[in-house]
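What follows is one structure encoded as structure tokens, with my remarks underneath.
Given the structure is predicted, the values throughout are model-derived calculations rather than measurements. Excluded from the calculations below are hydrogen atoms, water molecules and symmetry mates; all remaining heavy atoms, backbone and side chain alike, are included.
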Amino acid sequence: MYRTLVWKVLLGILPQHQETHSVVMVHRREQYHDVHNALEVIRFIDESTPKNEVFLHMYHLEMGNLSHSQAYPLESEDELFLAIASAMEDMIDDDVDCYWLIKSFVSHIESKFRASHIQMQKSFEHYLNLEDNRLVTHLKTGNTLDKLPYDLWFKKCFAGCLPASSLQRVWDKLVSGSCKILVFVAVEILLTFKMKIMALNNADSLSKFLEKIPEDNTDAIVSKAIDLWHKHCGVPAHSV
């Protein structure tokens with residue numbers, strides 16, 4: 001019940017001093033409505049615009065790089081923002097909180113973890129090999145190890161891959177400052193679906209399966225991933 005509040009404090013949306021929270025949120029809410037109304041006035045958005053796209057246009061307007069046309073090609077940063085926004089919508093009911101959390105979370109992962117993507121891929125292979133070297137050998141033999149959905153895992157932080165109930169537990173760790181959990185969720189997904197993965201004999205079918213895994217046991221996958229994290233890295237606070 002405190003997740004939204006804790007995230008807002010850790011991501012700098014709210015100050016640490018609780019007595020100022022209500023005042024700060026009044027200003028955050030006013031800023032949200034000012035930007036939203038501006039986009040409506042210039043007819044860049046309307047009631048039919050998907051919410052994640054509304055949030056993206058608001059973000060662009062605030063950053064000073066709103067396109068003159070609504071039909072502009074998406075950059076990779078835009079695709080990341082939309083993926084995070086769609087996932088955050090499923091977690092947060094209040095639109096103002098949702099928008100502030102999206103843009104703050106995107107800024108957080110870009111500033112803290114962007115340089116770690118290549119290292120996360122190497123760590124993934126290392127820990128998967130420790131847990132199941134036969135599976136790594138199988139993936140290398142089939143030339144699929146380098147074609148796994150690393151961008152989905154390590155850039156988009158599993159947005160669109162895991163349901164909200166499981167994803168928010170992963171993002172708890174990211175908000176707290178550690179990206180190692182992403183590596184162990186990826187490892188545990190492959191361990192959990194080992195038999196299915198071994199039966200898929202081409203990179204396209206494997207990627208398609210991993211991009212949207214069955215939702216019935218994702219909570220267990222995240223719990224096991226956290227156990228793996230503790231097993232290999234010890235105290236989580238020291239595993240950034």
Exercise. Side-chain heavy atoms under 4.5 angstrom apart, residues restricted to Ile, Leu, Val, Met, Phe, Trp, Tyr: same cluster for Phe154 and Ile118?
Worked result: no

For this session: Verify, without hydrogens or angle tests, whether Asp78 (side chain) and Glu75 (backbone) share a donor-acceptor contact under 3.5 angstrom.
Result: yes

For this session: Look at Glu188 together with Lys231 and state whether they make a salt bridge at an N to O cut-off of under 4.0 Å.
Result: no

Exercise. So, do Arg29 and His33 sit near enough that their side-chain heavy atoms are less than 4.5 Å apart?
Worked result: yes

Problem set entry | Plane angle bin for Tyr127 and His232 - parallel if under 30°, tilted between 30 and 60°, otherwise perpendicular | tilted

Problem set entry | Reported OG1-to-CG distance for the pair Thr49 and Asp46, which is rounded to 0.5 angstrom | 4.0 Å

For this session: Quick one: pull up CD1 in Ile181 and CG in Leu228 and give me the separation to the nearest 0.5 Å.
Result: 8.5 Å

Exercise. With under 30° as parallel and over 60° as perpendicular, where do the rings of Tyr150 and Trp153 fit, or are they tilted in between?
Worked result: perpendicular

For this session: Keeping the roles fixed (side chain from Thr144, backbone from Ala203), state whether a donor-acceptor pair exists under 3.5 Å.
Result: no

Exercise. Side chains of Leu200 and Lys208: does their closest heavy-atom pair fall under 4.5 Å?
Worked result: no

For this session: Can you see which heavy atom on Pro214 is nearest to which on Phe209, and at what distance?
Result: CD-CE1, 3.8 Å

Problem set entry | Joint cluster assignment, Met195 & Phe193, ILVMFWY side-chain distance < 4.5 Å | no

Problem set entry | NZ/NE/NH1/NH2 to OD/OE distance under 4.0 Å, Glu131 and Lys194 | no

Exercise. Does the side chain of Met25 reach to within under 4.5 Å of the side chain of Val96, using non-hydrogen atoms?
Worked result: yes

For this session: Determine the interplanar angle of the Phe55 and Tyr99 rings, folded into 0 to 90°, and report it as parallel if under 30°, tilted if 30 to 60°, perpendicular if over 60°.
Result: tilted

Problem set entry | Closest contact, heavy atoms only, Leu80 versus Glu110 | CD2-OE2, 3.5 Å

Problem set entry | Whether over 12 other heavy atoms sit under 6.0 Å from Gln18 CD | no

For this session: Using a 4.5 Å cut-off on heavy atoms from C-beta on, say whether the side chain of Phe81 contacts that of Leu74.
Result: no

Problem set entry | Ile102 side, atom CD1; Asn52 side, atom CG - distance, nearest 0.5 Å | 8.0 Å

Exercise. Measuring from Leu56:CG to His60:NE2, what's the distance to the nearest 0.5 Å?
Worked result: 4.0 Å

Problem set entry | Close side-chain approach of Leu61 and His57, heavy atoms under 4.5 Å | no

Problem set entry | Heavy-atom closest pair, residues Ser123 and Val183 | C-CG1, 3.9 Å

Seminar exercise, completed: Scanning both residues in full, the closest heavy-atom pair of Leu152 with Ala159 reads CD1-O, 3.3 Å

For this session: Please test Leu5 against Leu14 for side chain to side chain contact (heavy atoms under 4.5 Å, CB included), starting from the C-alpha separation and ending with a verdict.
Result: CA-CA 8 Å; Leu5 174 60; Leu14 288 175; 3.8 Å; yes

For this session: Determine whether more than 12 heavy atoms belonging to other residues, nucleotides or ligands lie under 6.0 Å from atom NZ of Lys140.
Result: no

Problem set entry | Heavy-atom side-chain contact between Gln121 and Leu148 under 4.5 Å | no

Problem set entry | Gap separating the CD1 atom of Ile13 from the CG atom of Asp97, nearest 0.5 angstrom | 7.5 Å

For this session: With sequence neighbours excluded, tell me which residues meet salt bridge (charged side-chain N to carboxylate O under 4.0 Å, His left out) with Lys51.
Result: Asp95

Exercise. Is the cationic atom of Lys103 (NZ for Lys, CZ for Arg) positioned less than 6.0 Å from the six-membered ring centroid of Trp100 and within 45 degrees of its normal?
Worked result: yes

Problem set entry | Sub-4.5 Å side-chain heavy-atom contact between Leu190 and Leu210 | yes

For this session: Begin from the C-alpha positions of Val54 and His36 and carry the test side chain to side chain contact (heavy atoms under 4.5 Å, CB included) through to its verdict.
Result: CA-CA 8 Å; Val54 171; His36 191 279; 3.8 Å; yes

Problem set entry | Side-chain heavy-atom pair Cys233, Phe184 within 4.5 angstrom cut-off | yes

Exercise. When clusters are formed by joining ILVMFWY residues with side-chain heavy atoms under 4.5 Å apart, either directly or through shared neighbours, do Met58 and Val41 land in the same one?
Worked result: no

Exercise. Between Ser104 (side chain) and Leu101 (backbone), is there a donor-acceptor pair under 3.5 Å?
Worked result: no

Exercise. Which heavy atom in Ile109 sits nearest to a heavy atom in Cys157, and how many Å separate them?
Worked result: CD1-SG, 3.9 Å

Exercise. Are more than 12 heavy atoms from other residues, nucleotides or ligands located less than 6.0 Å from atom CG of Asp93?
Worked result: no

Exercise. Step by step, would you call Phe158 with Ile189 a side chain to side chain contact (heavy atoms under 4.5 Å, CB included)?
Worked result: CA-CA 11 Å; Phe158 291 94; Ile189 286 174; 3.7 Å; yes

Exercise. Between Arg169 and Asp219, is there a donor-acceptor pair closer than 3.5 Å when you use the side chain of the first and the backbone of the second?
Worked result: yes

Exercise. Does one hydrophobic cluster hold both Met63 and Leu11, with members joined at side-chain heavy-atom distances below 4.5 Å?
Worked result: yes

For this session: Report the C-alpha distance between Phe113 and His108 in whole Å, list the side-chain angles of each, state the deciding distance to 0.1 Å, and finish with yes or no for side chain to side chain contact (heavy atoms under 4.5 Å, CB included).
Result: CA-CA 8 Å; Phe113 307 138; His108 175 73; 4.2 Å; yes

Exercise. Do Lys156 and Glu211 meet the salt-bridge criterion of a basic N to acidic O distance under 4.0 Å?
Worked result: no

Seminar exercise, completed: Value for CG (Asn217) from NZ (Lys224), rounded to nearest 0.5 Å, stands at 7.5 Å

Seminar exercise, completed: Note: Glu125 and Val136 closest approach over all heavy atoms is O-CG2, 4.3 Å

